[in-house]
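Before any comments, here is the structure.
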Amino acid sequence: MEPKELYDSYSKGLTLFEIYKNLVEKYGEERATKETQRISRELLVEEAKRDRYIFEKIFVQKYRDYHIENKDLILSHIEWMINFLKDLESLNTRPSVELSHHRCRLGRILKYRKFKDILLDRNVRILHENLHTLAKEIYESLQNRDYISALLNYAKCVKTSHSLINLLSIENLRLVHRVNYDPLTGLLNRRRLLRVLSDIVDLSESTGNPFVLAIIDIDNFKQINDTYGHLVGDCILKEVANIMRKSFRKSDYLFRYGGEEFLVIMPSTTLEEGLKALERFRKNVEEHEFSLDDQRCPKVTVSIGVCGSFEKHEDIQDYIECADKKLYEAKRSGKNKVVWWLPEKVRTL
């Protein structure tokens with residue numbers, strides 16, 4: 001394959017290491033390294049140009065019109081990212097942005113603002129610091145003309161930036177849309193679901209970042225209610241919600257979908273990453289000892305149906321219906337399992 005072919009292949013999923021290996025076979029190590037550096041340089045410019053368009057046309061437009069408490073936090077980060085991306089587009093080795101996470105505009109705001117959720121507050125600060133560390137390394141790589149390292153760190157940088165925006169958006173949901181929370185479990189209710197899912201799908205289609213959606217159902221819940229009473233049923237619902245909060249990331253969206261059903265949306269998540277998190281949650285529920293007033297409750301398991309960007313759907317509602325079909329398959333085939341879809345067959349964990 002010629003270098004241009006390899007460049008095109010990168011856009012279709014070929015990794016930089018695979019490009020390098022192919023070039024080594026054709027040209028030897030010395031020329032392969034030079035060609036990989038050249039391709040990385042071109043890719044960095046093109047990726048920065050594409051992402052700057054996303055930040056300018058999608059994020060700025062989306063958040064500028066929001067009447068939300070943390071709009072200044074989100075917009076200050078977006079402004080910093082746009083200027084950072086402009087530097088990378090022109091391969092500018094002299095930063096036009098503040099590299100200290102303490103002295104940038106977002107850092108100064110964070111210094112005096114505390115979120116109500118202590119863990120969320122800490123994660124926002126960690127992500128923000130990591131973003132600045134990666135940016136420093138990218139500028140250093142540009143100065144050394146090490147475009148391979150710059151491109152690899154750039155991918156991490158953009159993913160960190162999206163995670164930071166997700167966390168800041170979650171805080172806004174908590175502060176502004178309290179009416180959208182389920183009073184029993186404290187999770188989001190389905191009133192907010194389609195808006196959140198629409199944003200995640202738009203972001204995925206614009207950036208190529210994958211997402212995973214799953215519907216979770218407590219097995220034999222009606223039987224538990226009928227046998228042990230609704231107080232025990234409510235206790236189980238609250239405990240499952242607590243296990244969800246501990247099992248998933250702060251940047252994931254957790255919903256009580258209705259009755260004994262829950263729904264989780266995981267932005268910037270591959271199918272493999274999502275399945276690992278869902279299987280961990282399933283095991284956590286299975287191994288948890290539920291109790292009410294020191295009295296032990298019955299063992300609880302959950303069945304899970306999974307969909308996401310690994311399947312393309314025309315309508316956002318189709319992602320929910322797709323996950324619901326997989327949930328039905330999990331129930332039909334024995335319960336207490338995670339089921340996802342691949343062409344021609346159903347896959348389970």
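Keep in mind that what you see is a predicted model, and the values were worked out from it rather than measured. The residues of the chain are indexed from 1 along the displayed sequence. When reading the values below, keep in mind they use all heavy atoms of this one structure, side chains included, and skip hydrogens, waters and symmetry mates.
Arg31 and Glu35 are joined by a salt bridge, as a carboxylate oxygen and a charged side-chain nitrogen come within less than 4.0 angstrom of each other. Using a 4.0 Å cut-off between charged nitrogen and carboxylate oxygen, Lys136 and Glu140 do not count as a salt-bridge pair. A salt bridge links Glu329 with Arg332; the closest basic N to acidic carboxylate O contact falls under 4.0 Å. Of the charged side-chain nitrogens involved, none lies within less than 4.0 Å of a carboxylate oxygen, so that Glu321 and Lys325 do not count as a salt-bridged pair. Salt bridge Lys283/Glu286: absent, no basic N to carboxylate O contact under 4.0 Å.
Between the NE2 atom in His162 and the OG atom in Ser251 there is a gap of 12.5 Å [rounded to 0.5 Å]. How far CG of Leu213 is from OH of Tyr253: 13.0 Å, rounded to the nearest 0.5 Å. Atom CG of residue Leu197 and atom CD1 of residue Ile316 lie 5.0 Å apart, to the nearest 0.5 angstrom. For the atom pair NZ of Lys86 and CG of Asn92, the computed distance is 12.0 Å after rounding to the nearest 0.5 Å. To the nearest 0.5 Å, atoms NZ (Lys337) and CZ (Arg282) are separated by 10.0 Å.
Evaluation of the salt bridge (Lys or Arg N to Asp or Glu O under 4.0 Å) rule for Arg94 yields no partner, not counting sequence neighbours. With sequence neighbours excluded, no residue forms a side-chain hydrogen bond (donor to acceptor under 3.5 Å, both in side chains) with Thr133. A search for ring-ring contact (aromatic ring centres under 6.0 Å, His included) contacts involving Phe84 returns Trp80, Tyr139, not counting sequence neighbours. A search for salt bridge (Lys or Arg N to Asp or Glu O under 4.0 Å) contacts involving Glu98 returns Arg103, not counting sequence neighbours.
Leu134 and Val124 fall into different hydrophobic clusters, where Ile, Leu, Val, Met, Phe, Trp and Tyr residues are linked whenever their side-chain heavy atoms come under 4.5 Å apart, directly or through other members. Linking Ile, Leu, Val, Met, Phe, Trp and Tyr whenever their side-chain heavy atoms come within less than 4.5 Å puts Leu99 and Leu44 in one cluster. Linking Ile, Leu, Val, Met, Phe, Trp and Tyr residues whenever their side-chain heavy atoms come within less than 4.5 Å places Leu43 and Val45 in a single cluster. Connection of Ile126 to Val158 is not established within any shared hydrophobic cluster, with ILVMFWY side chains joined at heavy-atom distances below 4.5 Å, either directly or through further cluster members. Residues Tyr228 and Val302 share a hydrophobic cluster, clusters being chains of Ile/Leu/Val/Met/Phe/Trp/Tyr side chains in contact below 4.5 Å.
Annotation: Glu29, atom CD; neighbour count of heavy atoms from other residues, nucleotides and ligands within 6.0 Å does not exceed 12. Heavy-atom contacts from other residues, nucleotides or ligands closer than 6.0 Å to CZ of Arg245 number more than 12. Remark: Tyr328 OH is loosely packed, at most 12 non-hydrogen atoms of other residues, nucleotides or ligands lying under 6.0 Å away. A 6.0 Å sphere centred on CZ of Arg41 holds no more than 12 heavy atoms belonging to other residues, nucleotides or ligands.
Listed by first then second residue, pairs satisfying salt bridge (charged side-chain N to carboxylate O under 4.0 Å, His left out) with a partner in residues 214-227 read Asp217-Lys331, Asp219-Lys331, Lys222-Asp226, not counting sequence neighbours. Under the side chain to side chain donor-acceptor pair (under 3.5 Å) criterion, the residue pairs touching residues 257-273 are Arg190-Tyr257, Arg249-Thr269, Thr270-Glu273, with sequence neighbours excluded.
Here the closest heavy-atom approach between residue Ala48 and residue Leu88 is recorded as CB-CB, 3.8 Å. In terms of heavy-atom proximity, Thr36 sits nearest to Ala32 at OG1-O, 2.7 Å. Between Ile109 and Ser76, the shortest heavy-atom contact is CD1-OG, 4.2 Å. Residues Ile148 and Ser40 approach most closely at CG1-OG, 3.5 Å, considering heavy atoms. Nearest heavy-atom pair, Ser204 versus Pro210, reported as atom, atom and distance to 0.1 Å: OG-CA, 4.1 Å.
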Asp146 vs Ser149, side-chain hydrogen bond (donor to acceptor under 3.5 Å, both in side chains): CA-CA, chis, key distance, verdict: CA-CA 6 Å; Asp146 180 3; Ser149 296; 2.6 Å; yes
Stepwise side-chain hydrogen bond (donor to acceptor under 3.5 Å, both in side chains) test for Asn284 and Ser247: CA-CA 8 Å; Asn284 288 344; Ser247 301; 3.0 Å; yes
Worked check of side-chain hydrogen bond (donor to acceptor under 3.5 Å, both in side chains) between Asp87 and Ser96: CA-CA 7 Å; Asp87 280 352; Ser96 64; 2.9 Å; yes
Step-by-step side chain to side chain contact (heavy atoms under 4.5 Å, CB included) determination, Arg256 to Leu188: CA-CA 6 Å; Arg256 184 181 179 191; Leu188 289 163; over 6 Å; no
From CA spacing to verdict: side-chain hydrogen bond (donor to acceptor under 3.5 Å, both in side chains), Ser100, His132: CA-CA 7 Å; Ser100 169; His132 279 261; over 6 Å; no
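Checked against the 6.0 Å centroid threshold, Phe248 and Phe281 count as a close aromatic pair.
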